[in-house]
Amino acid sequence: MGTVSNPASPGVGIPVLIAVRHSLVSSALAALLADAAEVRIRGTAVTVAELESSLDDPAAASPFVLLLDAEFDGADHTPQLIARLSALRPDMRVVLCTGETAPSRIAAAISSGIAALVELSASPEELIATIVAAGTRRGDTTLLPRGQMFRLLNRGTSPLTEREADALRAVRSGLSTEEIARSLFLSAGTVRNLLSSAIQKTHARNRYLAAEAAVDRGWLEPGVHAA
């Protein structure tokens with residue numbers, strides 16, 4: 001693992017560990033953040049072994065922010081990686097860097113417990129602000145409520161209306177049409193229309209398959225949600 005110090009402000013700023021699978025991108029991010037007084041680079045990792053070794057260091061700063069590439073261990077394994085690392089270092093705040101990762105895979109990562117999302121195309125100011133916000137948060141490690149993260153993730157990509165998404169969440173919770181209607185303060189007929197529209201948009205055979213298809217495509221967050 002390569003360690004990069006911040007000569008401008010030793011011992012000052014939010015400690016950041018950069019975990020990006022491409023060495024060139026990792027070095028560029030470290031160089032960028034090294035010039036920011038608000039943060040302090042505590043190291044970089046380009047493999048899972050390097051990352052776990054760094055987190056296992058008892059002298060490491062606490063708490064700190066892990067800037068994690070969504071594709072670091074392969075997008076399919078990212079949720080498990082986050083869960084494992086969070087158990088190892090519960091004082092860690094994960095900021096997930098997203099690029100071309102499929103929304104459904106990012107959705108799974110969100111549900112595994114992260115503090116924030118940031119796109120690799122974000123400006124330096126946006127990246128630093130996100131890291132600082134995540135690193136200074138106390139208690140709950142979620143910078144944005146998960147529902148808000150999913151709305152940001154799916155903005156402009158999900159064809160579902162907010163009410164259609166609400167109805168599908170209720171379906172996943174096992175509610176009947178009448179129960180969904182009561183929970184959403186709608187008529188049963190309106191609920192049927194919402195679900196019919198969602199079924200058409202997902203090209204599913206029924207409401208249950210429509211709900212699962214919406215999760216698979218990242219249009220709904222994984223997990224069962226109470227109405």
*asked:* As an exercise, state the distance from CD of E50 to OG1 of T44, rounded to the nearest 0.5 Å.
replied: 7.0 Å
*Compare every heavy atom of I82 with every heavy atom of I114, then report the nearest pair and how far apart it is.*
CG2-CD1, 3.7 Å
*Do W219 and Y208 belong to the same hydrophobic cluster, where Ile, Leu, Val, Met, Phe, Trp and Tyr are linked whenever their side-chain heavy atoms lie under 4.5 Å apart, directly or via other members?*
yes
*Heavy-atom closest pair, residues L51 and F72*: CD2-CE2, 3.8 Å
_Nearest-0.5 Å distance, CZ of residue R21 to CG of residue D73_ = 10.5 Å
*After noting the C-alpha distance and the side-chain angles of V48 and R84, does the key distance pass the side chain to side chain contact (heavy atoms under 4.5 Å, CB included) rule?*
CA-CA 11 Å; V48 173; R84 189 168 74 248; 3.7 Å; yes
*Do S27 side-chain atoms and S23 backbone N/O form a donor-acceptor pair below 3.5 Å?*
yes
*According to a 4.5 Å side-chain heavy-atom criterion applied to Ile, Leu, Val, Met, Phe, Trp and Tyr, with indirect links allowed, do L68 and L88 form part of one hydrophobic cluster?*
yes
*Validation row: I14, T136 side chains within 4.5 angstrom (heavy atoms)*: yes
*To the nearest 0.5 Å, what is the distance between CG (D166) and CG (L194)?*
9.0 Å
*Hey, which of L96, V95, T130 is the one that makes side chain to side chain contact (heavy atoms under 4.5 Å, CB included) with L117?*
L96
*asked:* Counting C-beta onward and ignoring hydrogens, is there a side-chain heavy-atom pair between L33 and I18 closer than 4.5 Å?
replied: yes
*Pair L17-S54, side chain to side chain contact (heavy atoms under 4.5 Å, CB included): steps then yes or no*: CA-CA 9 Å; L17 175 60; S54 175; 3.6 Å; yes
*For the side chain of S183 and the backbone of I180, is there at least one donor-acceptor N/O pair under 3.5 Å apart?*
yes
*What distance do S187 atom OG and E178 atom CD have between them, rounded to the nearest 0.5 Å?*
11.0 Å
_T177 side chain to A188 backbone, donor-acceptor under 3.5 Å_ = no
*Distance-minimising heavy-atom pair for A30 and I41*: O-CG1, 4.0 Å
_Distance, nearest 0.5 Å, that separates CG of L29 from NE2 of H22_ = 11.5 Å
*Give a yes or no on whether the backbone of A167 and the side-chain of R207 come within a donor-acceptor separation of less than 3.5 Å.*
no
*Kindly compute the distance separating CG (L220) from CD (E212), expressed to the nearest 0.5 Å.*
9.0 Å
_Smallest separation among heavy atoms of L175 and E179, with atom names_ = CA-OE1, 3.3 Å
*Do you reckon I199 sits in the same ILVMFWY cluster as V191, going by side-chain contacts under 4.5 Å, direct or chained?*
no
*Given the rule in the side chain to side chain contact (heavy atoms under 4.5 Å, CB included) test, do R163 and L186 qualify, once you have shown the distances and angles that lead to the verdict?*
CA-CA 10 Å; R163 276 311 202 184; L186 299 172; 4.2 Å; yes
*Could you tell me which non-hydrogen atom of A134 sits nearest to which non-hydrogen atom of A115, and how far apart they are?*
CB-CB, 3.9 Å
*Check R192, K201, R169 against E164 for a salt bridge (Lys or Arg N to Asp or Glu O under 4.0 Å) and give me the one that passes.*
K201
_In the structure I gave you, are the side-chain heavy atoms of L127 and L32 within less than 4.5 Å of one another anywhere?_
yes
*So, for L55 and F64, which heavy atoms are closest and what is the spacing to 0.1 Å?*
CD2-CZ, 3.3 Å
*Do the non-hydrogen side-chain atoms of R172 and V215 ever get within less than 4.5 Å of each other?*
yes
